[in-house]
Amino acid sequence: MNEYDSDRIRNALEAQTTDNPEKADIIIVNTCAIRDKADQKAFSSLGKYKHLKRDNPDLIVGISGCVAQLYGDKLLHKMPHLDFVLGPRAIPRLPDLIKKIENGKHRAVETSYDVQELFDIEPYHAEGKVTAFVSVQQGCNKRCSYCIVPRVRGDEVNRPLGDILREAKSLVDKGVREVTFIGQTVNSWKENGYKFGDLLRAAADVDNLERIRFTTSYPRDITAKMIEAVKDVPKISRHIHLPVQSGSNAVLGKMKRTYTREWYSDIVKRLRDAAPGMAISTDIIVGYPGETERDFMDTMSLLEEIEFESAFSFKFSPRPGTPAAARPSDETVEDSEASRRLSLLQAFQRDVTTKKNRARVGYIEEVLAEGISKNDPEILTGRTSHNRITHFKGSAALSGKMLKVRITEGLFNSLRGELSV
Ligand code: 5AD
């Protein structure tokens, strides 16, 4: 999501980028507020530009994204070298904002939610890219008790089907072969009577689009129609990112996730029945207020039961204004205990992921080649439909092609293989 917004910012300004901050006319730190570390990171990277502003008063320094939205004009007080604060929904307003700053030299805050032209700015597109994001939704209507997203990105707004398809087609014309639909709860997308399953099917009809991905799915919004679409349309990737957050019903209840562990397992079963071998990845939070050892063990047993292809796991981080942050202090799980749980969980999942990757050895996989590996010009990198990164010997000319690759090795993060003829 943030990568996508950074590319939109680049397009909004029609700007060239530079890796050297000393050469920049404008520096924008695009931020994430999902966990505490993410906003600390934003403040420390902004701090690094203080001296550049001192040496060059014409330099414009701004903060964008969810941390900008969260703290608004407080940031201008906190950081005197900052020229503007821009919320994630206000990116289309950026060009005007910069003009105003250049003309009047006054500092500005733009954090309103009611930006009409929400989807108008599409992201910068680098030539030769094989895979691209397409935003289908902004904001979120769920109210998970730990999550700051609804506060910083506002309520759910869905993009019209026609606009999504037009963007997908124009990307294909530029050489893209795979799109990833993105939204906070992407599968809750609906518009004018159409549901997410309809969107998947319509996208599958776009000529020369080889594969469709989507992220992030909300378990309760998975419908029979969506499962049918996945089953019927091979272009839809055999991977779903489906955050479960916890394996304990007590914790799921407190988190306001609106499903039980059993319900989640059933959805996974239905997905795997519809598309055998369907890869399921997830997000987990450990150390939620009041999480007992028993609750944590329930999460571990869920990981064992489901055998996720991969899991992103985090220690609970209290976010300002969320119900979870207001829990009484006697419910706090000690940081050392949360760290212990996180390490146990990650070690367990590491073995599962590696085992699943090793199990691919000997199979021929369809890999969409995305380009030459960063580390070795003779090696191509791509992904399988199940979202496994795969490296194999091949030339740059094969980039953008769907190739048959025989898997020779399965590692934790990737597969290795050779082109099969
Ligand atoms: N603390 C820890 N993890 C969080 N996430 C969201 N909010 C929090 C929080 N307050 C995690 C969830 C979500 C992922 C994007 O970040 O697991 O799915």
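The chain is numbered in sequence order, starting from 1. Note that ligands are numbered from 1 as they come in the structure, with each ligand's atoms numbered from 1 the same way.
Atom numbering of ligand 1 starts at 1 in the shown order; those under 4.0 Å from a heavy atom of F316 are 1 (N), 2 (C). If you number the atoms of ligand 1 from 1 as listed, the ones under 4.0 Å from a heavy atom of S317 come out as 1 (N), 2 (C), 9 (C), 10 (N).
In terms of protein heavy-atom proximity, atom 2 (C) of ligand 1 is nearest to K315 O, 3.3 Å. In terms of protein heavy-atom proximity, atom 5 (N) of ligand 1 is closest to R35 NH1, 3.8 Å. Of the protein's heavy atoms, Y146 CD1, 3.4 Å lies nearest to atom 7 (N) of ligand 1. Looking from atom 4 (C) of ligand 1 to the surrounding protein, the closest heavy atom is I285 CD1, 3.6 Å. Regarding atom 15 (C) of ligand 1, its nearest protein heavy-atom neighbour is D283 OD2, 3.7 Å. Regarding atom 6 (C) of ligand 1, its nearest protein heavy-atom neighbour is I34 CG1, 3.4 Å.
The side-chain tip of K78 does not point at the ring of Y71 from less than 6.0 angstrom away and within 45° of straight on.
Between atom NZ of residue K225 and atom CG of residue N187 there is a gap of 14.0 Å, rounded to the nearest 0.5 Å. One distance of note links CZ of R220 with OG1 of T185; it measures 13.0 Å at 0.5 Å rounding. With values rounded to the nearest 0.5 angstrom, K23 atom NZ is found 12.0 Å from T17 atom OG1.
Between F133 and Y4, the ring-plane angle classifies as perpendicular under the 30° and 60° cut-offs.
The six-membered or imidazole ring of F214 lies near that of F196, with a centre-to-centre distance under 6.0 Å.
Considering backbone and side-chain N/O atoms, R319 never comes within less than 3.5 Å of an N/O atom of ligand 1.
At a cut-off of 3.5 Å, with distance as the only test, no side-chain donor of R35 or Y146 sits close to an acceptor on the other residue.
Comparing Q245, K37, Q184 by heavy-atom distance to atom 17 (O) of ligand 1, the nearest is Q245.
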